[in-house]
Amino acid sequence: MGVGFLIAVLPLISFLLAGFGVLFGWKSFKRRSHYFGLVTVGISLILSFYVLFKVMKGAVFSEKWFNWIISGGLSACFGASIDSLTAIMLVVVTFVSFFVHMYSIGYMHDDPGYDRFFAYLGLFTFSMLVLVLSPNFLQLFFGWEAVGLSSYLLIGFWFKRKRAADAAIKAFIMNRVGDFLFILGVVAVFWVFGSLDFHKVFSQAGAVSAATLSLISFLLLGGAIGKSAQFPLHTWLPDAMEGPTPISALIHAATMVAAGVFMVARCAPIFDGSYVLPIVGVIGVITAFGAATIGLTQFDIKRVLAYSTLSQLGYMFAALGVGAYVYAMFHLFTHAFFKALLFLGSGNVIHAMSGEQDIRKMGGLYKYMKITATCFIIGTLALVGIPPFAGFFSKDKIISAAFANGHLIFWFFLVMGALLTALYMGRLVFMVFFGEERFDAREMKHLHESPAVMTVPLIFLAVPSIFAGFLGGWFEKFLKSSVPNHVRELSHSTELLLITITVSLALLGLLIAAVIYYWRKISPEVFTENPVLRPIYLLLYNKYYFDEIYSLLFVRGTGFGLGKIYAFFDKYVIDGIVNGVAYFTSWCGEVLRLTQTGVVNNYVAYFGIGVVTVILLLLLV
Amino acid sequence: MREIFFYLFAFLSVAFAVISVTHRNVVKGGIALLASFVSLGAVYFTAGAEFIGIVQVIVYGGAIVVLYLFALMTMDLKSFGKEPLKTLSVAVGGAVSLVLLVSVLYAGYKFYGGVVTAGISGAKEIALPLFYRFLLPFEVVSVLLLVATVGAVAVGRREE
Amino acid sequence: MTTFDFFVLSGLLFAVGLFGVIVRRNVISLFFSLELLLNSANVLLVGFSKLQGNLFGEVFVFFVLAVAAAEAAVGLAVVVALYRYRKSVNTEDFSILRW
Amino acid sequence: MELNVKLLFPEFFVLTAAVVGILIDLLLPKRMKNGFFATFSVFVLFICVFLVLFSSPFVPEEAFNGFVKKDLLTGLSQVLILFSSLIAVFVSYGFLKKFDTDYVGEFYYTLLFAVFGAMLMVSANELATLFVSLEVMSISVYILSALFRKDYRGKEAALKYFIMGSVGAAVIVYGFALLYGLSGSTLYGEVGRAISTLSFPVLLSLALVISGFLFKLGAVPFHGWTPDVYHGAPTPVTLFMGAVVKIAAFVALLKLFYPVFLPLVSEWGEVFAVIGVVSAFAGALMALRQENVKRMLAYSAISHTGVVLTALVSVPAVAVFSVLFYLFAYAFMTVAAFGFVSLLTENGFKGENLSDWRNLYGKSPFLALSLVVIFMSLAGIPPLFGFWAKFYILVALVKVGKVGIAVAILVASVISLYFYLRPVVYAFMRKGEAVLPPVEPFELGAVAVTVLFLIIFGLFPELISQASIFALSSFLRGII
Amino acid sequence: MVSVILLLPLLGALFVALCRSEERVKWIALFTTGLTFLLSLYVLFNYDISKGGFQFIDYGSWLPTFSIKYKVGVDGLSLIMLIMTTLISFIAVPSAWRYIDRRKKLFYGLLLLLETAMIGVFVSLDLLLFYIFWEAMLIPMSLIIGVWGGERRIYSALKFFIYTFAGSIFLLVGMVVLVIVYGSVTGNFTFDILQLSHFKLPLELQKWLFWAFFIAFAVKVPVFPFHTWLPDAHVEAPTPGSVILAGVLLKMGTYGFLRFSLPFFPDAYRLYAPVIFILGIIAIIYTALVALVQEDVKKIVAYSSVSHMGFVMIGLFSLNVQGIEGAIFQMLNHGLVSAALFFIVGAIYERLHTRKVEKMGGLASFAPKLAALAMLFTMASVGLPGTSSFIGEFLTILGGYRAAHWVGYLMALGVIFGAAYMLYMYRNVFFLEPKVLSFKDLDLREFLALGFIALLVIWWGFNPEFIMKFIHGYTASLLGGV
């Protein structure tokens with residue numbers, strides 16, 4: 001036990017208190033449930049900073065809380081092992097979580113499930129903290145699944161809506177697809193290394209053949225893909241937007257979805273020794289670019305942000321793929337702030353628009369909600385990568401690392417992705433905050449800037465979104481102690497050139513967006529109605545038809561389709577055989593019974609036959 | 001001479017037996033049975049089992065067959081109706097009987113017997129083993145007859 | 001007069017009797033056949049008695065005779081009683097107990 | 001001539017009592033008959049149990065020139081016969097109250113005659129004695145079956161049993177005749193000495209004797225009469241047939257076959273096993289959809305017979321032991337089952353059909369629970385008596401490596417489980433009204449006692465095992 | 001002590017039989033099962049782990065003719081099973097509290113008889129004693145299904161009885177063959193499990209006997225393709241029946257594999273492990289898919305049992321410490337979780353009188369307690385870490401992977417499919433727009449019973465060692481002996 005334990009367990013207390021309130025319908029708990037969250041997560045936040053400073057000074061926390069599974073050679077415990085990587089994650093998680101808690105007070109104010117929401121938030125925070133603190137694979141898996149559960153609960157928070165309930169199931173099951181590989185990875189780790197402790201495993205990683213390591217890291221990667229919604233398991237994340245917006249900010253943007261990146265960074269020694277890294281990169285690039293293209297066409301404010309999240313996670317994966325673990329983490333770090341900011345900002349917009357999420361029905365909101373708009377724009381600039389905002393530093397590092405390590409194709413798509421990012425974010429900002437007001441009068445009445453409890457978190461998140469980028473150097477140094485970073489040095493001139501290309505492309509993107517959506521020089525219909533481009537547009541608009549294909553292949557095919565066939569087989573063949581044997585037996589009985597004619601002569605005939613039979617039998621034996 | 005009579009009566013008993021079994025008219029069948037039993041008694045006689053031969057005639061001929069005929073009198077013979085011949089029954093019955101007949105004949109063929117000495121066994125000769133050696137079954141037979149008598153009366157009496 | 005002759009006689013009687021029991025539906029005729037069955041054993045017993053030189057076989061015949069008589073009495077009583085119900089002596093009419 | 005009459009004292013006691021019964025029957029007014037004769041018979045049988053217990057020697061003893069031989073096997077089976085008959089008397093008492101007959105006295109003393117026949121049958125050590133006592137028993141049973149007034153079914157059953165019985169008797173006598181011809185004697189010991197190889201005459205006689213016994217036991221394909229007769233006969237008589245006749249026939253079989261056909265034991269053992277397996281299956285199959293409980297129990301009896309018969313394939317000692325044990329269990333179960341049916345039977349044969357047992361539990365929980373015990377014991381579900389019987393048969397079979405037969409009879413027992421469960425289903429699970437005539441306390445008591453035995457011996461079978469072992473060793477002493 | 005535990009429910013049944021009031025029997029049953037549970041806890045806490053092996057042995061002559069003994073005792077495995085049995089029986093009483101509204105005396109009497117039989121199965125140290133309990137349990141169980149069950153109760157009761165009985169005849173034959181072979185080789189005729197397990201049979205015989213035992217146990221487990229009695233029995237059984245059926249009865253089969261098949265026929269066991277792996281994997285995936293399309297809630301849970309038992313089977317046959325310990329733990333855990341799920345389904349049925357999924361929906365808005373507990377048990381069924389299911393599932397996958405990699409890969413697929421059907425069921429029942437107008441939340445009795453299981457599920461999910469420490473010694477000696 002120790003400070004790590006405290007950090008992790010405090011939110012759990014919040015969950016339990018609020019949860020019992022929900023369970024027993026305690027009215028007094030209901031309106032106060034946010035206090036539990038704020039206080040406990042607040043303390044955790046402070047402790048996290050404390051830990052961070054301690055770690056910066058070179059302290060190492062290694063806690064063992066209690067034994068978990070002991071069986072044969074397997075011995076796994078719950079505990080905490082805090083190095084620089086963990087410390088950073090702790091701060092990110094508690095920081096975002098705290099502000100999301102605060103924000104939710106306002107956002108969820110009128111919801112009947114107010115206390116339930118805070119209970120879930122507590123559960124999530126706890127799970128995420130356990131995840132990042134884990135000293136071994138098994139606890140990692142515990143946290144991994146627990147965040148999945150919280151995510152499921154929160155996506156399905158408005159469970160009466162079918163879409164929400166379905167999205168929750170989709171998220172959970174797609175995560176499970178990844179987890180299926182992940183748990184096999186854990187199993188493989190155990191049988192290869194004989195232990196699940198990170199320390200022991202990583203220290204032996206060098207002694208294991210690359211093939212074995214590749215297998216393990218491939219399996220682990222599966223988990224990461226699922227959790228971080230990478231191609232091809234990415235489709236759950238946009239649907240997850242059915243959950244309340246603070247959740248999208250916390251779970252589906254800042255923390256949980258980044259767990260995959262965290263895990264791969266954590267397991268860098270294994271990945272480094274394997275042949276899997278290029279696959280990671282490819283997946284990352286595909287996701288980064290593909291999601292960005294989809295983001296161009298969406299009209300739901302949260303979905304655009306969700307695809308942008310996908311895309312940014314793709315960048316992180318690309319960074320991991322080229323070996324730039326630290327840059328991936330750095331992007332994770334900055335992304336957490338500005339993406340949370342963006343989501344919370346969109347939450348304010350939605351709140352103001354009485355739940356409307358379609359950007360075609362917005363416009364010109366800047367007038368009405370200046371703080372939100374400003375913060376949102378800051379977030380956007382950070383995301384697009386305009387210097388000196390945080391995103392610029394982190395994203396640029398990734399792009400140049402791809403170039404430096406010789407992955408030119410990666411580099412090209414990532415750069416193009418940056419252009420697209422600017423394009424869709426610009427489109428979003430211009431459509432939402434500027435231009436004509438497309439909402440109707442009823443919504444007009446509601447329009448207002450959000451209360452302080454919802455704007456303050458924005459401001460607090462905006463600060464790191466602006467400045468976190470400058471921590472790059474420190475971050476790199478700090479993290480080097482726990483995470484390797486394989487990036488070749490580039491000459492200054494090349495680096496400068498690359499930066500110029502990236503930034504100018506980003507600016508170009510914004511410019512195009514402005515031309516189309518602000519100045520309205522070109523109508524978007526030019527692209528969508530153009531017979532050549534229309535198929536492409538439809539392809540993008542329908543998200544490359546992934547949902548449809550998966551639904552056909554897996555849900556309706558393998559799942560329910562095969563299930564129905566099997567159920568039929570089970571009922572009529574397997575059980576049919578069982579019942580058939582019974583019926584056959586019964587039928588035999590009926591037939592035999594007919595020999596019992598009631599006429600005594602026949603019985604005598606049987607008797608006679610019997611005598612003959614006995615004689616024959618005696619002759620035979 | 002005995003031999004001839006033996007074979008003659010044996011043949012007769014079998015022939016009458018066939019008639020009694022196959023004849024449609026029960027009364028005539030009964031008469032044929034009586035004839036068969038009497039012939040059988042004669043066979044025993046020729047074989048030297050004189051006591052048994054006499055008993056056979058008395059018990060079977062005198063008692064049992066008469067009992068049958070008496071019983072028949074209490075019934076309305078016209079009500080017996082025609083007896084349809086069941087082909088399957090005949091086939092099975094014939095086959096089974098034939099197989100058993102062959103078995104018995106084969107057993108007789110295999111059985112080392114030789115010529116039967118026609119020692120005469122009258123009542124005196126029989127009495128010794130019957131009343132000494134076979135005392136117990138003999139006593140039990142009396143019980144059997146007692147039971148049969150009482151039971152036959154009880155079962156056969158008209159219910160009111 | 002060999003043992004085989006007795007076998008032949010007894011076998012024939014046995015076969016005829018068994019055939020009758022299987023084929024005849026008329027209970028009285030059936031009873032006749034039963035008597036023949038019992039008699040077939042008697043023939044054999046008498047023959048063996050003569051062969052073996054002791055009279056145990058003939059004593060046995062005596063018992064069989066007694067049993068046959070007793071059976072005939074009881075059997076006829078049952079048939080008479082049944083006849084009162086069915087006005088028939090056909091075994092096929094006595095078949096409500098079946099299956 | 002060595003009579004040694006005192007050895008047969010129990011048999012003669014019953015015989016005397018029966019004859020005395022004839023006399024008393026003439027004197028008594030009708031309304032007193034049932035009560036008096038029931039009490040009388042109970043006393044006679046009860047005393048006789050003690051007579052048997054005290055007179056059965058461990059070292060086999062002979063009487064009447066060796067025509068009877070008594071050992072513990074005899075003694076034990078006689079006790080079993082007497083016990084079953086006792087229950088039969090108890091059940092008859094209630095049954096006769098429900099079903100009127102003019103022949104109350106006749107019923108009881110004929111029953112005693114039948115008991116006498118059965119008792120003598122298991123002591124017989126000679127072919128003629130066996131045959132005659134067999135006939136005493138059979139003819140008594142024919143009469144018992146036909147004795148009830150306005151009871152067509154009983155008479156039809158009697159006729160069928162009679163005809164089949166006569167054929168059986170003829171066949172068995174034919175076999176005896178051949179045996180006599182082969183050996184020149186009718187005493188088991190002397191006949192046995194003459195038989196060593198399976199020549200065709202021996203084979204024929206063996207086949208005929210086997211057929212005769214199989215008929216008496218009701219094994220397939222000699223079983224034709226069993227369902228009809230069990231079904232048609234008045235229930236106490238069915239009870240008697242099911243228990244006493246079967247015990248007598250089985251023990252007589254043991255006592256005849258082992259001394260006489262000992263050298264051929266492997267041959268006839270196999271035959272019995274084959275017939276047994278067929279019977280076990282056929283009986284079970286035919287009972288499956290049977291609505292009439294008595295008929296169902298008849299088919300089940302065929303099946304049980306088959307199971308017991310298979311044990312004969314084992315080594316003699318084990319076979320005798322397991323058969324004996326099975327007979328014990330079977331007697332108790334049969335008595336209980338038919339007693340139970342009789343208890344529920346009302347005028348017009350209501351209560352014999354499964355549908356009359358609907359929701360019996362609602363009417364009488366005790367009876368319904370007894371039903372479970374009885375039928376589950378018949379099915380051989382532990383920890384009831386029937387299980388052990390099946391278990392020992394199994395041990396006997398496996399002991400000689402006949403695993404296939406063991407599996408076969410167990411498969412048959414699975415099939416039979418279905419119809420044993422049906423009464424339970426009706427009594428507990430189906431909705432409706434059970435037929436429940438006024439319950440006669442004696443009858444109920446008798447059934448309750450047997451049910452209790454089924455449980456007690458199920459939990460502590462050692463008592464019966466020990467008794468069977470004693471009987472076995474006493475029996476083996478006699479034939480070696 | 002073990003004998004006391006064994007006979008206590010019997011005594012309780014006697015009291016129930018003698019009790020005049022139809023209402024008071026509930027309390028007798030509750031008291032008896034509770035006391036039995038406490039006594040089994042006493043045994044648990046007094047079991048000397050350091051010593052291991054069989055303890056609390058009670059010994060008596062029973063059938064000396066065939067040297068069949070009354071011998072009971074517990075080792076680590078039996079102990080766990082004993083605790084599970086007494087616990088589930090204790091839970092079954094409150095689950096019946098309102099559900100059983102007629103013939104209460106009969107019901108509680110049967111329940112107590114059933115408990116004795118179940119305990120007997122797990123503590124018997126004599127083959128025949130084991131078999132007797134093994135079969136004796138069929139009568140009360142099928143009566144419970146048949147009397148208080150649903151529409152097709154009779155069919156299901158008969159099917160259950162006959163199917164399992166059919167399976168166990170092979171066990172009986174196998175047992176007798178084993179004993180007789182043992183007797184003829186050693187000259188010592190005995191049914192003592194401990195003596196028999198030290199006996200090395202020739203491989204050829206092992207193969208035969210293995211399958212004989214296998215059929216009996218496989219039907220009970222049930223292993224695909226012997227599973228079709230289970231959905232029928234579960235669907236028709238009354239709630240307490242399902243609770244016990246899923247909670248305890250299914251474990252008898254797997255217990256049999258551990259107690260008999262492995263020690264008696266180690267070579268055949270190893271030889272045929274791949275066959276079992278395939279069957280187990282089919283069970284995991286195939287039944288999960290079947291469960292996915294079922295419309296009856298109870299059927300879904302029933303098929304989930306089959307699926308979960310697939311994990312147990314693979315664990316048992318993986319022949320390594322993790323696999324076997326995981327399997328044992330999974331047995332315990334599945335007992336708890338499926339019992340709780342059936343309890344919940346029963347509670348819903350009591351209120352809605354339907355088990356059809358399409359007639360439910362939105363229950364979460366009326367019944368937060370029920371929904372929360374149902375969510376917990378759903379997640380436990382899915383195998384979420386932090387619940388006891390995860391321990392079993394993870395360890396069995398670990399074991400399966402060790403035995404053969406493909407086994408591990410395929411069985412881990414169950415992680416996906418298991419989540420699918422449970423979540424769809426949860427969605428259809430508790431989420432979506434409510435299809436009913438009102439719905440009463442759990443009352444205190446139900447909440448306490450379920451909450452108790454929930455606590456155990458979580459407690460053992462985080463501290464499996466509390467249970468596992470009893471198993472370690474057992475598996476060590478088991479695998480050491482093989």
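Bear in mind the structure is a predicted one, so any value in this text is a computation, not a measurement. Chain letters run A, B, ... following the sequence lines, proteins first and then strands; every chain starts at 1. Excluded from the calculations below are hydrogen atoms, water molecules and symmetry mates; all remaining heavy atoms, backbone and side chain alike, are included.
- The structure places OG of D:Ser185 at 9.0 Å from CD of C:Gln52, a figure rounded to the nearest 0.5 Å.
- For C:Val27, the part sitting under 4.5 Å from any heavy atom of chain D is the side chain, from C-beta outward, and nothing else.
- Heavy atoms of D:Ser138 lying under 4.5 Å from chain C are absent altogether.
- Ranked by non-hydrogen atom pairs under 4.5 Å with chain C, the options D:Arg295, D:Glu135, D:Arg153 are led by D:Arg295.
- When each of C:Ala68, C:Ala70, C:Ser40 is checked for heavy-atom pairs under 4.5 Å with chain D, C:Ser40 comes out on top.
- Using a 4.5 Å cut-off between heavy atoms, C:Ser33 does not touch chain D at all.
- Among D:Val132, D:Val229, D:Val167, the residue making the largest number of heavy-atom pairs under 4.5 Å with chain C is D:Val167.
- When every heavy atom of C:Phe48 is checked against every heavy atom of D:Leu178, the shortest pair comes out as CE1-CA, 3.8 Å.
- For C:Glu71 (side chain) and D:Ser166 (main-chain N/O), no donor-acceptor pair under 3.5 Å exists by modelled atom type.
- Here the closest heavy-atom approach between residue C:Ala41 and residue D:Val173 is recorded as CB-CG1, 3.3 Å.
- We find the OG1-CZ distance between D:Thr186 and C:Phe63 to be 9.0 Å, quoted to the nearest 0.5 Å.
- Side chain of D:Lys155 to backbone of C:Tyr85: no donor-acceptor contact under 3.5 angstrom is found.
- Note: C:Phe56 CZ to D:Glu190 CD = 7.5 Å, rounded to the nearest 0.5 Å.
- The distance from atom CD1 of C:Ile96 to atom NE2 of D:His231, rounded to the nearest 0.5 Å, is 7.5 Å.
- Between atom CG of residue C:Leu97 and atom OH of residue D:Tyr152 there is a gap of 7.0 Å, rounded to the nearest 0.5 Å.
- Interface check for chain D: of the options C:Val43, C:Thr3, C:Thr91, C:Leu82, the most heavy-atom pairs under 4.5 Å are formed by C:Leu82.
- When the candidates D:Asn292, D:Ile163, D:Val136 are compared by the number of heavy-atom contacts under 4.5 Å with chain C, D:Ile163 comes out ahead.
- The candidate with the highest count of non-hydrogen atom pairs below 4.5 Å against chain C, out of D:Tyr180, D:Phe131, D:Tyr142, is D:Tyr180.
- The ring of D:Phe162 has its center closer than 6.0 angstrom to the ring center of C:Phe31.
- C:Leu45 touches chain D through backbone and side chain together, each having a heavy atom under 4.5 Å away.
- Of the atoms belonging to C:Val21, it is side-chain heavy atoms, and not backbone ones, that fall under 4.5 Å from chain D.
- In this structure, chain C has a heavy atom under 4.5 Å from the backbone of D:Leu182, while its side chain stays farther away.
- Ranking D:Ala128, D:Gly175, D:Gly165 against chain C, the residue ahead of the rest is D:Ala128, based on heavy-atom pairs under 4.5 Å.
- For C:Phe94, the parts sitting under 4.5 Å from any heavy atom of chain D are the backbone and the side chain alike.
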